[in-house]
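We use all heavy atoms of the structure for the numbers below, so side chains are in, but hydrogens, waters and symmetry mates are not.
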Amino acid sequence: TPTEESKTEIQENNTAKEADQEDSHNQSAITLSTYKKYIDQNGSYKSLFLILTYCLVYALVFIGFSRFLGFWAQENYEHEHHHKNQESTFNHTPYILAIIFLAPCALFGDSLKFILCNNFILKANSNMHAKALEKISNAPVSFFDKTPIGTALNRFSNDLGILDKGNAELLPYAIDGGFYILMRMMVLVFINPYLAIPAILVLFMSFKIKSFLQKPVMETKQIDLTSKSPIYSEISATINGLLIIRTFKQSLAFVERFLN
């Protein structure tokens, strides 16, 4: 009857929400072991070491490039200051040639950084997807009786999609930005040792702000993912019973229920 079907649907949706909330609660804490497990999916610590080394060298080169521009401006200023009353022109040609050579190298280096990071992420995500697909393919029938189809689809569509898209966009900037900020602070402290105190305070406050915002951001994202599981279950059940729905001419009723 329609009443029994509605009760069954509500129970499936509640089961999907409870399963997702339980998984979210178990996986809410992010520790170093979390990152270690993800790196292990790639199977190669050499690739990670290569990426970190390359980003470190790239950050040093970028800071050196900035210092080169400052040296160019300083030389130009000193030349104009010492030759105020003389008709002498500062020779910019060597510096311009250096910029012409360094600019394509910087562009190539930045592209190579993204290629290395994306290859690392692609391999790790592919291994995770293969293992998840293998486990769900070999799972007993009782697993599918207890787990709503929406929860399983949510894992393969949204969760893995976040790894493919989110990590690929954020990882290069996170590593490169971290090294860049660290190198900048080291240069400032080397120039003026008294700047070490505000640098330590900035790092401490950044860590505290990250710790404060981490939990609400994660909870918000988990709620967003959890709310999608019943929708996937509804769509899957509707598609499986599409022949019966059309036979009894209930298409508009199912569309209205889905929209509500």
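Both Met186 and Leu52 are part of a single hydrophobic cluster, where members link through side-chain heavy atoms under 4.5 Å apart. Leu69 and Phe101 fall within the same hydrophobic cluster, defined by Ile, Leu, Val, Met, Phe, Trp and Tyr side-chain heavy atoms under 4.5 Å apart, directly or through other members. Connection of Leu171 to Leu112 is established within a shared hydrophobic cluster, with ILVMFWY side chains joined at heavy-atom distances below 4.5 Å, either directly or through further cluster members. Residues Phe212 and Ile209 fall within the same hydrophobic cluster, defined by Ile, Leu, Val, Met, Phe, Trp and Tyr side chains chained together at heavy-atom separations under 4.5 Å. By the criterion of side-chain heavy atoms lying less than 4.5 angstrom apart, applied directly or through intervening Ile, Leu, Val, Met, Phe, Trp or Tyr residues, Leu182 is not grouped with Ile200; the two fall into different hydrophobic clusters.
Here the side chains of Asn42 and Asn127 are not in contact, with every heavy-atom distance at 4.5 Å or above. Between Met183 and Leu56, some side-chain heavy-atom pair lies under the 4.5 Å cut-off. No side-chain heavy atom of Leu60 sits less than 4.5 Å from a side-chain heavy atom of Phe179. Within the 4.5 Å cutoff, the side chain of Phe114 has heavy atoms near those of the Tyr173 side chain. Counting only heavy atoms from C-beta outward, the side chains of Leu203 and Met185 approach each other to under 4.5 Å. Using a 4.5 Å heavy-atom cutoff, the side chains of Ile115 and Phe120 are not in contact.
Taking CZ of Phe204 as the start and CZ of Phe207 as the end, the distance is 8.5 Å to the nearest 0.5 Å. Considering CD of Glu134 and NE2 of His129, their distance stands at 12.5 Å, rounded to 0.5 Å. In this structure, CG in Leu48 is found 11.5 Å from CG in Leu116, a value given to the nearest 0.5 Å. Expressed to the nearest 0.5 Å, how far SG of Cys105 lies from CD1 of Ile100 amounts to 12.0 Å. For the atom pair CD1 (Ile121) and NZ (Lys123), the distance works out to 14.0 Å, reported to the nearest 0.5 Å. How far CZ of Phe71 is from CD of Glu78: 8.0 Å, rounded to the nearest 0.5 Å.
Minimum interatomic distance between Pro104 and Ile99 (heavy atoms only, all atoms of both residues): CD-O, 4.4 Å. Considering every non-hydrogen atom in both Ala124 and Gln41, the closest pair reads O-CB, 3.8 Å. The minimum heavy-atom distance linking Leu195 with Leu188 is given by the pair CD1-O, 3.6 Å.
Ring geometry for Tyr58 against Tyr54 counts as parallel: the plane angle stays under 30°, on a 0 to 90° scale with 60° as the upper cut. Taking the six-membered ring where tryptophan is involved, the planes of Tyr95 and Trp72 are essentially parallel, since the angle between them stays under 30° and well short of 60°.
With respect to the salt-bridge test (charged N to carboxylate O, under 4.0 angstrom), the residues Lys37 and Asp40 do not qualify.
Around the OH atom of Tyr194, the shell of radius 6.0 Å holds no more than 12 heavy atoms that belong to other residues, nucleotides or ligands. The number of heavy-atom neighbours closer than 6.0 Å to CD1 of Ile191, taken from other residues, nucleotides and ligands shown, is above 12. Under a cut-off of 6.0 angstrom, the local environment of CD1 in Ile197 is sparse, with at most 12 non-hydrogen atoms contributed by other residues, nucleotides or ligands. The local environment of CZ in Phe62 is sparse, with at most 12 non-hydrogen atoms from other residues, nucleotides or ligands closer than 6.0 Å.
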